[in-house]
Number of protein chains: 2
Amino acid sequence: MNVSAKPERTRLSAEDWEDAALRLIADQGVGALAVEALARQLGVTKGSFYWHFRTREALLQAALERWEQYGEREVISQIEAMPDPRARLPELFRRVAHEIAPHRVYAALLKALDHPQVVPVMARVSQRRMEFLTTIYREAGLPPPEALNRARLTYAAYVGFLQLNFTLGLPRISHEEFDAYVEHMITTLTPG
Amino acid sequence: MNVSAKPERTRLSAEDWEDAALRLIADQGVGALAVEALARQLGVTKGSFYWHFRTREALLQAALERWEQYGEREVISQIEAMPDPRARLPELFRRVAHEIAPHRVYAALLKALDHPQVVPVMARVSQRRMEFLTTIYREAGLPPPEALNRARLTYAAYVGFLQLNFTLGLPRISHEEFDAYVEHMITTLTPG
DNA sequence: CAATAACCATACGCTTGAGTATGGATGCTC
DNA sequence: GAGCATCCATACTCAAGCGTATGGTTATTG
């Protein structure tokens with residue numbers, strides 16, 4: 001069982017706190033991560049929290065590590081399993097474009113790059129993703145140095161899109177228009 | 001005269017506080033904007049601050065408006081003055097890429113999109129810049145709908161670059177490598 | 001069914017930072 | 001140079017949020 005979403009009034013584990021922390025981060029950012037607020041949301045008090053964690057920092061650290069591991073392993077492996085290398089890029093783009101939920105934590109952490117704790121995590125995650133992108137571009141036929149730069153460009157476009165669209169609410173784009181944008185992006189950034 | 005940089009011990013004006021606020025924002029982000037810290041940095045105490053501003057929010061608001069107006073008018077007008085439309089894009093790219101200082105406030109505000117006060121300012125500024133970009137792309141020969149999408153893509157790449165490079169310190173790229181990246185970006189995103 | 005461990009509540013102390021009250025110092029103006 | 005407006009210092013209050021101390025409750029185990 002172990003339904004850890006709503007106040008089921010069962011006793012809490014450290015993981016429950018970490019999940020709640022990630023949810024709160026996705027919703028309101030790292031700055032809003034306060035122990036008393038979290039406790040209220042979980043239907044308990046601080047007394048519970050300080051049994052599971054030594055400090056607020058410890059919770060943030062644990063939540064970040066949890067998020068980093070939970071990772072996007074499935075996406076990467078699924079894309080890698082595709083036989084045709086040229087088909088991987090468009091598929092990756094469309095996938096990322098239409099699954100917004102998993103990117104909300106990443107977008108929130110992007111706005112928290114002043115906190116020393118999130119920097120190394122984001123550095124590792126971003127690095128891994130960009131290496132993956134670089135490989136895909138090489139397998140799609142780009143010479144190594146160009147593949148690297150193209151990956152940088154693509155990933156920057158991804159990050160910027162996150163900020164501009166569901167952090168800032170820039171011109172609330174319609175569904176059709178959004179799809180057109182994605183296709184434009186694919187044709188512009190895909191070699192050949 | 002009015003040298004408003006170092007503690008010249010002259011009396012302060014509201015504009016001095018706003019400039020100091022912008023400097024602090026560029027350095028440490030909006031979250032670090034505290035009145036007592038600012039006062040220390042200016043060599044005075046809170047007593048001074050609360051004469052010029054009614055509240056901390058008021059200072060942030062004034063600083064943001066000041067920044068928005070101060071704007072990047074020169075850049076835009078200089079680019080617009082170039083006779084050959086096709087030459088404008090590369091010039092704009094290279095310019096933006098090599099003048100880091102003016103973008104530090106923008107990058108800091110990008111990380112503060114949870115604060116309700118900065119959202120409308122950033123929305124307006126980003127909107128204006130993207131419209132400018134769209135115009136340039138149209139004048140460079142792209143049909144209107146594509147010009148808009150290309151502008152979105154380009155601006156997203158810009159925003160993402162800010163985050164990834166001098167907020168997160170992603171792979172400290174060398175000068176030559178950076179120039180190569182900029183050129184790659186130009187050839188990839190420039191039509192024709 | 002004790003007894004021990006795991007979990008949580010209540011009540012406190014401490015620090016930080018915003019905002020207020022008030023009086024003193026400095027400049028301007030007639 | 002007397003008087004008013006401008007600018008700043010000092011000394012508070014108040015709320016938020018982290019962390020601690022301590023005792024109570026629920027589960028678990030021998």
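The structure presented is a predicted model; accordingly, all values stated were derived computationally and were not measured. Chain A is the first sequence line, chain B the second, and so forth, proteins listed ahead of strands; every chain is numbered from 1.
Rounded to a whole Å, the CD atom of B/Gln41 is 14 Å from the P atom of C/dG17. Following rounding to the nearest Å, B/Leu38 (CG) and C/dT16 (C1') show an atom-to-atom distance of 16 Å. In this structure, CG of B/Leu12 is placed 13 Å from C1' of C/dT26, rounded to the nearest angstrom. Distance A/Asp16 CG to C/dC7 P: 10 Å, rounded to the nearest Å. Atom P of nucleotide D/dC8 and atom CZ of B/Arg40 are separated by 17 Å, given to the nearest angstrom. Rounded to an integer number of Å, the gap from B/Tyr50 OH to D/dT13 P is 17 Å. Protein atom CG of A/Leu33 is 15 Å distant from nucleotide atom C1' of D/dA16, rounded to whole Å. Protein atom CZ of A/Arg54 is 13 Å distant from nucleotide atom C1' of D/dC18, rounded to whole Å.
On a pure distance criterion of 3.5 Å, no polar donor-acceptor pair joins the side chain of A/Arg11 and the base of D/dA27.
Put simply, A/Thr45 has no side-chain N or O that comes within less than 4.0 Å of OP1 or OP2 on C/dT10. At the phosphate of D/dG19, OP1 or OP2 sits under 4.0 Å from a side-chain N or O atom of A/Thr55. In this structure, A/His52 reaches the C/dC8 phosphate: one of its side-chain N or O atoms is under 4.0 Å from OP1 or OP2.
Paired with A/Tyr137 under the rule side-chain contact (heavy atoms from CB on, under 4.5 Å), one option of A/Thr154, A/Leu148, A/Asn149 passes, and it is A/Thr154.
Each of D/dA9, C/dT20, C/dC8 was ranked by its minimum atom distance to the side chain of B/Ser48; first place goes to D/dA9. Taking the side chain of A/Trp51 as heavy atoms from C-beta on, and the options C/dC8, D/dA9, D/dA11, the nearest nucleotide is C/dC8.
Rounded to the nearest 0.5 Å, atoms CE (A/Met185) and OG1 (A/Thr188) are 9.0 Å apart.
Aromatic pair B/Trp17/B/Phe53: ring centres not closer than 6.0 Å. Outside the 6.0 Å centre-distance limit, the rings of B/Phe161 and B/Tyr158 are not counted as a close aromatic pair.
Under the 3.5 Å distance criterion, with hydrogens and angles disregarded, no donor-acceptor pair is assigned to the side chains of B/Asp179 and B/His184.
Comparing A/Phe49 and A/Glu36, the nucleotide of DNA chain C nearest to each residue sits closer to the 5' end for A/Phe49.
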